[in-house]
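Remarks on the structure that follows.
The model shown is predicted, which means the values in this text are computed figures rather than measured ones. Throughout, numbering of the chain's residues begins at 1 and tracks the sequence.
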Amino acid sequence: VRVKKLRDLGNSPMQIRKILALAGAKPGQIQAAMEAAYRIERQESSRQQKKMLRSLTFAGIILLACISAGVILQRIYAGEPGEVSPLQATLMPGLAEALNLNTPIVQYGAAPAGSGSNQCPRTASQAADLFGGHADAWSSPPNSNGWVMIDPGQANTLYIPQGMKAAYIELGSTITLVEISGPVTLSNVYYIAISCP
């Protein structure tokens, strides 16, 4: 129980080991506590991955619905062959941007100046400060320990700190979910989900 409380306060297993040693715990107690700490860490990591996958699955469903709506509207409002209706001209460019048709450019290990933190942001403004982009594009899905950025208006350059994972949907002949671990800098990003440790 004590290990879980220490873990809930944000302590890593190594910090928990030091705290217990300073508190005078015996080697056997420390070993048992470390096993519990690593088990809790694995469970938390598994939960975060499941939450991120659910968020991205939901986003993928929305994206597929948008693609389907675009195709249906294109068929409904199509004029003569080769002619583009005003509705298509309005809908399709925005849809292409919202679907993140451009693949992000990944640069591993590259960190912008002042990007030393790997603490999970608490507000959209903190998310923008840590990761990049604009605060109004960031949101934290309920019951998750992560952030989602959707900014169909412009490509963003984002930084994912060490210990965090990011995922984005890549569209080509198929829809692919790409997951990467920080530290990494991504440019040309319209949509991304980030999971904190």
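Side-chain contact check for Pro121 versus Ser140: every heavy-atom pair is 4.5 Å or farther apart. Ile30 has its side chain within reach of Arg17: a pair of non-hydrogen atoms, C-beta onward, lies under 4.5 Å apart. In this structure the side chain of Tyr159 reaches within 4.5 angstrom of the side chain of Thr185, judged on heavy atoms. Counting only heavy atoms from C-beta outward, the side chains of His134 and Asp151 approach each other to under 4.5 Å. With contacts defined as side-chain heavy-atom distances shorter than 4.5 Å, the pair Trp147/Leu130 does not qualify.
Linking ILVMFWY side-chain heavy atoms closer than 4.5 Å, directly or via other members, places Ile16 and Met14 in a single hydrophobic cluster.
The only member of Thr157, Asn156, Ile160, Ile105 that meets side chain to side chain contact (heavy atoms under 4.5 Å, CB included) when paired with Leu186 is Ile160.
For the atom pair CZ of Phe131 and CG of Leu158, the computed distance is 9.0 Å after rounding to the nearest 0.5 Å. Annotation: the span from Lys165 atom NZ to Ser195 atom OG amounts to 7.5 Å, rounded to 0.5 Å. Between the SG atom of Cys120 and the CE atom of Met164 there is a distance of 5.5 Å, given to the nearest 0.5 Å. Atom CD of Gln31 sits about 5.0 Å away from atom CD of Glu35, to the nearest 0.5 Å.
In this view, Glu179 satisfies the side-chain hydrogen bond (donor to acceptor under 3.5 Å, both in side chains) rule with no residue, not counting sequence neighbours. Looking at residues two or more places apart in sequence or on another chain, you find no side-chain contact (heavy atoms from CB on, under 4.5 Å) involving Ala32. Legend: residues meeting side-chain hydrogen bond (donor to acceptor under 3.5 Å, both in side chains) with Gln126, ordered by chain and number and at least two apart, are absent.
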Exercise. Go through the steps for Val189 and Met149 under the test side chain to side chain contact (heavy atoms under 4.5 Å, CB included), then give the verdict.
Key: CA-CA 9 Å; Val189 180; Met149 187 211 72; 4.0 Å; yes
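When all heavy atoms of Ala135 and Ala124 are compared, the pair lying nearest together is O-CB, 3.4 Å.
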